[in-house]
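Structure record follows, encoded as structure tokens.
Worth saying up front: this structure is predicted, and the values here are computed from it rather than measured. In the text below, chain A, chain B and the rest are named by the order of the sequence lines, each starting its count at 1.
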2 protein chains.
Amino acid sequence: MSTQEPRKPQATLELVAQRAGVSRATVSRVVNGSDRVKADARKAVEQAIRELNYVPNRAARSLAQGRTNSIALVVPENTAKFFADPYFAKVVQGAAQYVAGTEFMLTLLLSTESDPAKTTRYLQGGNVDGALVLSHHAADRSYADLGSLLPMVYGGRTMSTDQNEIYVVDIDNIAAARQATEVIIAQGRTKLAMIAGPQDMGAGLDRLTGFQQAVRNAGLEPAAVEIGDFTPASGHQIMQRLIGNNVDFDGLFTASAQMGFGALQALAEAGIKVPEDVSVTAVDDDSFARSSTPPLTTIAQFPERQGEIMAELLIKRIQGEQVPEWSIMDTQLVLRDSH
Amino acid sequence: MSTQEPRKPQATLELVAQRAGVSRATVSRVVNGSDRVKADARKAVEQAIRELNYVPNRAARSLAQGRTNSIALVVPENTAKFFADPYFAKVVQGAAQYVAGTEFMLTLLLSTESDPAKTTRYLQGGNVDGALVLSHHAADRSYADLGSLLPMVYGGRTMSTDQNEIYVVDIDNIAAARQATEVIIAQGRTKLAMIAGPQDMGAGLDRLTGFQQAVRNAGLEPAAVEIGDFTPASGHQIMQRLIGNNVDFDGLFTASAQMGFGALQALAEAGIKVPEDVSVTAVDDDSFARSSTPPLTTIAQFPERQGEIMAELLIKRIQGEQVPEWSIMDTQLVLRDSH
DNA sequence: CTGAAAGCGCTTACAG
DNA sequence: CTGAAAGCGCTTACAG
């Protein structure tokens, strides 16, 4: 046990003003980079700030200015899932990097399922000037009404029926899925199965739609469609089930590389050869795509860039600029060994 | 392009007071759960809050109370490293879980190398009531003086020469390394190499010390000691170098499972059998330890629990409670196939 | 149990 | 270029 040392009081504007022999208004002007301050007053203030190690109190500043200079990145997933999915890491990285070059701070909010209302209150309580929302599930109504109170930008199309304008940065998931499926069809395969993503998310729905379009365009019917949750475990399990049920297929499209990774493992365990027996493609060009056996042919999206754009759009909106509601990013077909 | 819709103004205490027909003081009391409010006044206020969807402004509250009800978790690593290391994920998870059960919010701060001063200013600017600091490098002096301004709790011993009281949650790294090394020695191995961690961190230094102690206690001398950075890549590279230099060893202790994972790959590539030719152990019982070939015998620390304890101690300190400066957590030897 | 009033530490027209 | 003063939205003794 130790004794509680007294907390050193933080220097205030007032103290700086006294030491510099000017008014608080002048100190405030120096701190905020106004040019309407004479050189010697500025010098005195700057020295006083240094001597007192003064840092402006954010709460006071926020209250006076009506802005906080910080934005939130909300991930409505639990912590375990957040860390397991390389997609999140990349988006955070991109956003963090962009924000680092601005006057804003990025606050990462993992809204645990335990109390989503806490996050909503935080957002509504004037802690941030705007919010980035990732991985939005339709059932999650938490943010539906926030759009009218706070600028927001979504990563991935929301399924919200919200009346407000919704700003989204996304890829064309339908086209991406169509393209990945066509790679399989081009191999001459005719019995195509899909392991789809959650159907309460735009990305989950749209990738299924794209698969169906490609299959039908080729005059075929899907051999099987199963719904997973984007994780390797779900891909593995679903593939085991398909094999166990003797489903007949020679092509497989998975809505995420993570699920593809799991499915590939299950195929290998069953002695089914890829791509000889089954041609496989997926969406996401992440570490799972690269480290699977064989490496996956995928549609690359660029989540780091997505995070960057999201942050850029949000900050522009906060500053009153007009930005497009929809930003659709390009994707890229990456040919590896699984197709 | 879209038109900028007008932002709906957030309801204020004042508005709630008017609608409920009471003073602002009474509204404040209801919001803060004071019991000195008559039932009917309370009812009226609660209804007004509901109707106006009122959420207290945090900045104003912070300013008035002198506290923010939020704490920061600072990780002085870049985003890529943060996401690559399962240790961080677990600590965050533990801390987030503990904080979720309190009135506090957890803010995750990835202090990019780009501008560490920004983080310091944030911490000093009254944004949070306290800070958790992870993975502290000796060279990083950013937080040295913050301890007198803000309650802080470190994850892992700091090498700071700071005069303030320092609160740390850690394992006994020396004992852990000694124990892991003794497992190898018990196999009758006499030529022990170590891949150590960064020597500017407590965990890096102490695990090397423990290794040396165990080796000397057995009347031996280390066969080789190389310094890595805890990542799989560094373990892989160092092991390639040892093999390339024909270093003669029959035992290997790595300061992290990640480095052990990489070293095991390099050993396999060189056709060296584990544990037949080389007996290997490591610290950290994470996904790398479990998925390496063969699975690693390790000393498990419990980072999730560490995060929990860190958060608990910090919040207690904020609330003025006395807590011990040092919290040393137990570890556990996990026997797998590599020793 | 309740309200009037001061105060938290800033910013920002306004006047000079 | 500079300062006095009002105001941001809360909380909290103080008085009743």
statement: So ring-ring contact (aromatic ring centres under 6.0 Å, His included) across residues 54-80 of chain B, not counting sequence neighbours, yields none
- prompt: Pairing of DNA chain C as dot-bracket, 5' to 3': ( ) intra-strand, [ ] crossing, | other strand, . unpaired, with Watson-Crick or G-U pairs under 3.5 Å?
  reply: |||.||||||||.|||
Atom P, compared across D:dC1 and D:dA5: separation rounded to whole Å: 23 Å
query: When you check every protein heavy atom under 4.0 Å of nucleotides 1-8 of chain D, what one-letter string (B, S, -) results, 5' to 3'?
result: BBBB-BBB
field: Interatomic distance where CG belongs to A:Leu52 and P belongs to C:dC10 [whole Å]
entry: 12 Å
query: Can A:Thr107 and B:Leu108 be said to form a side chain to side chain contact (heavy atoms under 4.5 Å, CB included), step by step?
result: CA-CA 6 Å; A:Thr107 289; B:Leu108 201 53; over 6 Å; no
With sequence neighbours excluded, residues passing ring pair (Phe, Tyr, Trp, His ring centres under 6.0 Å) with A:Phe104: none
Let me check something: any side-chain donor-acceptor pairs from residues 38-47 of chain B under 3.5 Å, sequence neighbours excluded? List them with distances.
{"from": "B:Arg42", "atom 1": "NH2", "to": "B:Ser34", "atom 2": "O", "distance (Å)": "3.0"}
{"from": "B:Gln47", "atom 1": "NE2", "to": "B:Glu51", "atom 2": "OE2", "distance (Å)": "2.8"}

field: Residues in side chain to side chain contact (heavy atoms under 4.5 Å, CB included) contact with B:Ala89, at least two apart in sequence or another chain
entry: A:Phe83
- prompt: For A:Thr12, which contact category applies under a 4.0 Å heavy-atom criterion: base, sugar-phosphate, or nothing?
  reply: sugar-phosphate
Only distances under 3.5 Å count here; give the side-chain donor-acceptor pairs of residues 63-72 of chain B to other protein atoms, sequence neighbours excluded, each with its distance to 0.1 Å.
{"from": "B:Arg67", "atom 1": "NH1", "to": "B:Asn69", "atom 2": "OD1", "distance (Å)": "3.3"}
{"from": "B:Thr68", "atom 1": "OG1", "to": "B:Ser70", "atom 2": "N", "distance (Å)": "3.1"}
{"from": "B:Thr68", "atom 1": "OG1", "to": "B:Ser70", "atom 2": "O", "distance (Å)": "3.4"}
{"from": "B:Thr68", "atom 1": "OG1", "to": "B:Ser70", "atom 2": "OG", "distance (Å)": "3.4"}
{"from": "B:Thr68", "atom 1": "OG1", "to": "B:Asn127", "atom 2": "O", "distance (Å)": "3.4"}
{"from": "B:Thr68", "atom 1": "OG1", "to": "B:Asp129", "atom 2": "N", "distance (Å)": "3.3"}
{"from": "B:Thr68", "atom 1": "OG1", "to": "B:Asp129", "atom 2": "OD1", "distance (Å)": "3.0"}
{"from": "B:Thr68", "atom 1": "OG1", "to": "B:Asp129", "atom 2": "OD2", "distance (Å)": "3.4"}
{"from": "B:Ser70", "atom 1": "OG", "to": "B:Asn127", "atom 2": "O", "distance (Å)": "3.3"}

message: The criterion is side chain to side chain contact (heavy atoms under 4.5 Å, CB included); which residues satisfy it with A:Leu15, sequence neighbours excluded?
response: A:Thr12, A:Gln18, A:Leu52
task: Round to a whole Å and report the spacing from CZ of B:Arg61 to P of C:dG9.
output: 18 Å
field: Contacts of A:Glu312 that satisfy side chain to side chain contact (heavy atoms under 4.5 Å, CB included) - sequence neighbours left out
entry: A:Tyr98, A:Lys316
